[in-house]
Amino acid sequence: MKHRRSIELTPPGGYGLEEKQTLATLPQWFVIHARCGGCGHQTPLERRSIARRCGFDLSLAGLAKRLKCRECGNRDNLLLLEKLPRD
Ligand SMILES: [Zn+2]
């Protein structure tokens with residue numbers, strides 16, 4: 001799937017990460033993105049605001065279930081990770 005900005009998004013498994021990783025255990029250099037399974041809408045998620053709202057113990061699997069697409073209201077969403085370059 002083509003993406004407008006050329007960032008590489010990979011499901012957690014692609015990095016050897018399990019979905020039971022939580023907002024607390026997921027390394028800081030990963031940016032979480034959500035992609036709608038209905039309309040394909042894709043958006044980066046603010047980890048800190050999610051953690052503040054839902055708690056740091058929220059797992060990636062749990063987060064995926066809570067997401068709701070802003071465009072179409074669909075709840076079948078996929079989490080993808082962007083790996084930021086580390087200094
Ligand atoms: Zn959607």
Side-chain heavy atoms nearer than 4.5 Å, only ILVMFWY residues, links allowed to pass through others: does that put Leu80 and Leu23 together? no

Please report the shortest heavy-atom distance between Cys39 and Cys36, naming the atom on each side. N-SG, 3.2 Å

Just by modelled atom types, is the Leu58 backbone N or O under 3.5 Å from a matching donor or acceptor in the Arg66 side chain? no

Give the C-alpha distance, both sets of side-chain angles, the deciding distance and a yes or no for side-chain contact (heavy atoms from CB on, under 4.5 Å) between Gln42 and Leu9. CA-CA 11 Å; Gln42 198 167 286; Leu9 297 177; 2.9 Å; yes

In short, Asn74 meets Gly37 closest at the heavy-atom pair ND2-N, 3.5 Å

Quick check for you: to the nearest 0.5 Å, what is the distance between Ile32 atom CD1 and Glu82 atom CD? 11.5 Å

Verify the cluster assignment for Tyr15 and Leu63: are they in a single hydrophobic cluster under the rule of side-chain heavy atoms below 4.5 Å apart? yes

The single option from Ile7, Leu79, Leu45 that satisfies side chain to side chain contact (heavy atoms under 4.5 Å, CB included) with His33 is Ile7

Quick check: does any side chain N or O of Asn77 sit under 3.5 Å from a backbone N or O of Ala34, one acting as donor and the other as acceptor? no

hydrophobic_cluster_shared for Ile50 and Trp29, side chain cutoff 4.5 Å: yes

Does Arg47 use its side chain to pair, donor to acceptor, with the backbone of Phe30 at less than 3.5 Å? yes

All heavy atoms of Leu81 vs all of Pro12, minimum pair found to be CD1-CA, 3.8 Å

Closest heavy-atom pair, Arg75 versus Lys65, reported as atoms and distance to 0.1 Å, is NH1-O, 4.4 Å

